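See structure below.
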Amino acid sequence: MISLSRRNLFMGAAGLAATTALSRAAFAQAPAAEGPFKLPPLPYATNGLEPHIDAKTMEIHHDKHHGAYVANMNNFAKTAPQLGQTPVETILSNLVNVPDGMRVGVRNNLGGHANHTMFWEIMGPNGGAPAGDVLEAINRDFGSFDKLKEEFNGAGARQFGSGWVFVTVNKDGKLGIEALPNQDTPLMYGKRVLLGNDVWEHAYYLNYQNRRPDYLKAWWNVVNWPKIGERYAAAKAGTLTL
Ligand code: MN3
């Protein structure tokens, strides 16, 4: 409860809609169950990505959807405390070690926690354009930034039902595109994620309804390229986690 209140205070202080953020907090669902898994605060206001992603979508997506994955993981950690003591990416790449009765739940909820933690981080207002090493890698592996977007958006549009589309990066800095269902993540296969977009309907339905391709196209306006540059450097240094 304390951390949720603090989070809302920070968000309110950071944004123009301080009063709105605080009044919304009063209507927020029960906070994630206490435990080792924490819902990371959004690094910008819920309306910071407008007009491309609306504030209501961001609020529900972060507080309710991601919040539920965190709460579910804290419940699993009550019976399997080792879940809270092991790096997330290690659990996800060794799901066979998770107890039978909770393996599917951990795959879905910890995958969801990892994916959304990455997702909030790689977005932001005024994210600029790819530059430096990451731009060179994009040009080398896809031909151009436009080609990357075309391939990525195509893979995201073709993903049937709920899922994600990712740009993966290996330790040599080589980039690839991968679409996966549900809350699966390349982390499950020992890979690292440079960036990814959520193509579950909850990520875009209020604004875009059935027009997923329009959402995929608009989403590039809110990608935080300085942050992705940091993630690319970390991937090559072997220190990128989620
Ligand atoms: Mn989502």
Side-chain angles (χ1 to χ4, degrees), residues 4 7 11 24 28-33 37-50 52-76 88-89 91-92 104-124 127 152-153 155-168 177-188 193-224 227-228 231 241-242:
L4 184 74
R7 181 170 60 71
M11 286 168 57
R24 277 181 188 151
Q29 272 187 352
F37 295 93
K38 307 292 178 200
L39 181 62
L42 277 181
Y44 34 79
T46 51
N47 64 1
L49 306 183
E50 289 188 342
H52 308 291
I53 305 180
D54 64 284
K56 189 72 183 171
T57 293
M58 288 300 292
E59 180 191 334
I60 297 171
H61 198 176
H62 176 270
D63 295 3
K64 308 289 173 67
H65 288 272
H66 191 176
Y69 303 133
V70 170
N72 290 336
M73 283 312 302
N74 282 328
N75 283 327
F76 287 132
V88 168
E89 64 279 12
I91 301 171
L92 287 171
V104 171
V106 169
R107 179 178 190 146
N108 292 335
N109 289 283
L110 194 59
H113 180 42
N115 283 336
H116 289 85
T117 299
M118 172 277 299
F119 189 54
W120 313 131
E121 180 179 303
I122 58 98
M123 295 192 294
F152 183 96
N153 292 357
R158 285 189 301 272
Q159 175 58 43
F160 187 77
S162 296
W164 288 76
V165 55
F166 301 95
V167 173
T168 58
I177 285 178
E178 196 162 338
L180 291 172
N182 305 316
Q183 294 295 352
D184 283 4
T185 152
L187 298 173
M188 290 170 182
V193 173
L194 181 65
L195 61 101
N197 193 1
D198 188 339
V199 299
W200 285 56
E201 285 186 343
H202 67 226
Y204 62 84
Y205 206 84
L206 292 182
N207 251 4
Y208 298 90
Q209 294 85 43
N210 60 315
R211 292 174 284 112
R212 186 191 288 182
D214 290 352
Y215 159 70
L216 281 158
K217 197 174 165 192
W219 179 77
W220 291 101
N221 290 296
V222 297
V223 171
N224 180 345
K227 177 57 72 176
I228 289 169
R231 291 175 65 86
T241 56
L242 301 186

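Not measured: the values here are computed from a predicted model. Note: hydrogens, waters and symmetry copies are ignored here, and every other heavy atom, side chains too, is used. In what follows, residues are counted from 1 in the order of the sequence shown. Ligands are counted one by one from 1 in listed order, and the atoms in each one are counted from 1 as well.
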Mind checking whether [X] and [Y] have ring centres under 6.0 Å apart?
| X | Y | result |
| --- | --- | --- |
| Phe152 | Trp219 | yes |
| His61 | His66 | no |
| Tyr205 | Trp200 | no |

- Message: Within the 4.5 Å heavy-atom criterion, are Thr57 and Asn207 side-chain neighbours or not?
- Response: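 No, their side chains stay 4.5 Å or more apart.
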
- Query: Quick one: are Ile122 and Arg231 in side-chain contact, heavy atoms under 4.5 Å?
  - Reply: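 With C-beta onward as the side chain, the pair touches.
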
- Message: Strictly under 2.8 Å of the Mn ion (ligand 1): which protein N/O/S atoms qualify?
- Response: His61 NE2, His116 NE2, Asp198 OD2, His202 NE2

- Item | Separation between CE of Met118 and CE of Met123, rounded to the nearest 0.5 Å | 9.0 Å

